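In this text the structure is predicted, and so the values were computed from the model without any measurement. For ligands, and for the atoms within them, numbers begin at 1 and follow the listed sequence.
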Amino acid sequence: MDSWHPASWQKRPVRQQATYPSAEKLSEVLTQLSVLPPLVTSWEIESLKAQLAAAARGEAFLLQGGDCAENFTDCTSPIITNKLKILLQMSLMLIHGLNKRVIRVGRIAGQYVKPRSAETETRNGVSRPSYRGDLVNGPAFTAADRIPDPVRLLRGYGRAAMTLNFIRALSESGFADLHHTENWDLDFVQHSPQASEYRRVVSDLAASLRFMETLGAGSYELNRVQFFTSHEGLHLHYEQALTRRVPNRTRHYNLSTHLPWIGFRTAAIEGAHVEYFRGIANPVGVKVGTGMPTDWIQGLLETLNPEDEPGKLILIHRFGADRIGEALPPLIEAVRESGRSVLWVCDPMHGNTESTASGYKTRRYDKILSELEQAFDIHSRQGSILGGVHFELTGDDVTECIGGARGLNEADLERAYLTQVDPRLNYEQAMEMAMAIVRHSTATT
Ligand code: PEP
Ligand code: CO
């Protein structure tokens, strides 16, 4: 295999990239980006990798979630805090119910690019470049918005830095103090059908905390929480510009995020994305789904984690509730045959997307839950470990997915349908999902 360097992907066939009108302007921006300070550090990345290795062994559990795509306008205090709150609350439910450490990873601070099924979008006979996410172009169907603009790369880096700065401040301060989980409450939580179960868990955890403190256990770790970031590493010029050699370390790190992942549409072994990802030291996720034969999967393991480093590779399967039963067992078998270790994670969102008669892209709570429950059961039957979940969710009160305890139906979707891309679980649906995971796992173990 040819030797790797941060630009070696440029010799490979590359999918899902924007076509910029001026290569020169793009290159100017990339030069600027490549000297800006990193957003995360190699120590954080190595710490995450060690924790993911524990999840692969069944000793911890990964909770990864956030928007399908962040918008630049989402860089506001309430949106960031609400996202943090829902992930913290879900993690409490999971810690309590699964009795395991929970690794919290947001799809946040850089999730600004989307793969699209078509290069162009046509409305009333007019065709324009598809919207690829705020890092590339704008969502409005105007010529000005849809032209890819390299300056957006700098704005995206800036938004990611501001978001992360706020998350870091919140995670280190009183906000994240486990003694004061009331800080994590969202305004509407009192009215939620899940409120009483959540309160019970919180008071249980508070009692355990008091017990530990009576025993004299250190309290520093309880005053703050660890929170990691992730995004789809789709825009390879951006990822390359933030890929750095770190002093005293031998490998390159992508310092734009802790956990970048390869999307389902860009996972070709010979493609540019796999080439880029094989050289970085970060833990790496790969979305896998139907239509990927055994040798493809085994090739991914071999290429992306040749040394079989623990915690390095995460297979995020996203088959859909109707296909997982048939598709997951052979995938598990293929990994077992390879003799390598992976962290298994279920994304129950991306195989369960459908369109309503009125044209909304939605997902049904029941299908999402069914895929998750099947995933737990299949892994347990096959002797592998489901070590995490990957959701599209928000801490806000949106109406994008159908179902859940509040019984949202098709007619409710128009009330607060805010996503520009995939539908997200709202606050209540996300909490309910965390409770359902716990219920299912405790019923089957
Ligand atoms: C996503 O995670 O938003 C996404 C596009 O997923 P996938 O690559 O699995 O389709
Ligand atoms: Co999505």
Can you tell me which portion of Pro115 lies within the under-4.0 Å heavy-atom range of ligand 1? Options are side chain, backbone, both, or neither. side chain

Taking only heavy atoms of Gly263 into account, list the atoms of ligand 1 that are under 4.0 Å away from them. 8 (O)

Atom 9 (O) of ligand 1 has as its nearest protein heavy atom Arg318 NE, 2.6 Å

shortest atom 7 (P) of ligand 1-to-protein heavy-atom contact is with Lys287 NZ, 3.5 Å

Indicate whether any N or O donor in one side chain lies under 3.5 Å from an N or O acceptor in the other, for Asn82 and Asp396. yes

Anything under 30° is parallel, anything over 60° is perpendicular, the rest tilted; go ahead and classify His237 against Trp9. perpendicular

Do ligand 1 and Glu232 have nitrogen or oxygen atoms that lie under 3.5 Å from each other? no

Indicate whether the side chain of Ser42 and that of Glu46 have a donor and an acceptor atom separated by less than 3.5 Å. no

For Glu392, the N, O or S atom at the shortest distance from the Co ion (ligand 2) is OE2

Polar atom proximity, Glu392 to ligand 1 (N or O, under 3.5 Å): yes

How open is the angle at the Co ion (ligand 2) from atom NE2 of His350 over to atom OD2 of Asp422, rounded to 10 degrees? 90°

Any side-chain donor paired with an acceptor under 3.5 Å for Ser8 and Glu275? yes

Among all protein heavy atoms, pick out the one at the shortest distance from atom 8 (O) of ligand 1; state its residue, atom name and that distance to 0.1 Å. Phe264 N, 2.8 Å

Have a look at ligand 1 and work out which part of Met349, if any, has a heavy atom under 4.0 Å from it: side chain, backbone, both or neither. neither

Ligand-residue contact atoms, ligand 1 with Cys68, heavy atoms, under 4.0 Å: 3 (O)

If you scan protein heavy atoms around atom 4 (C) of ligand 1, the nearest is His350 NE2, 3.3 Å

Touching ligand 1 at all, Lys114? Heavy atoms, strictly under 4.0 Å? yes

Those atoms of ligand 1 less than 4.0 Å from some heavy atom in Arg107: 1 (C), 2 (O), 3 (O)

Please tell me whether His273 and Glu239 have a donor and an acceptor in their side chains that are separated by less than 3.5 angstrom. no

I'd like to know if the side chain of His390 pairs up with that of Arg107 as donor and acceptor (distance under 3.5 Å, no hydrogens or angles considered). yes

Could you verify whether a donor N or O on one side chain and an acceptor N or O on the other, from Gln89 and Tyr427, lie under 3.5 Å apart? yes

Given the ring of Tyr112, does Arg159 sit roughly above its face, with NZ or CZ under 6.0 Å from the centre of the six-membered ring and within 45° of the axis? no

With no hydrogens and no angle check, just 3.5 Å: does a side-chain donor-acceptor pair link Thr399 and Arg415? no

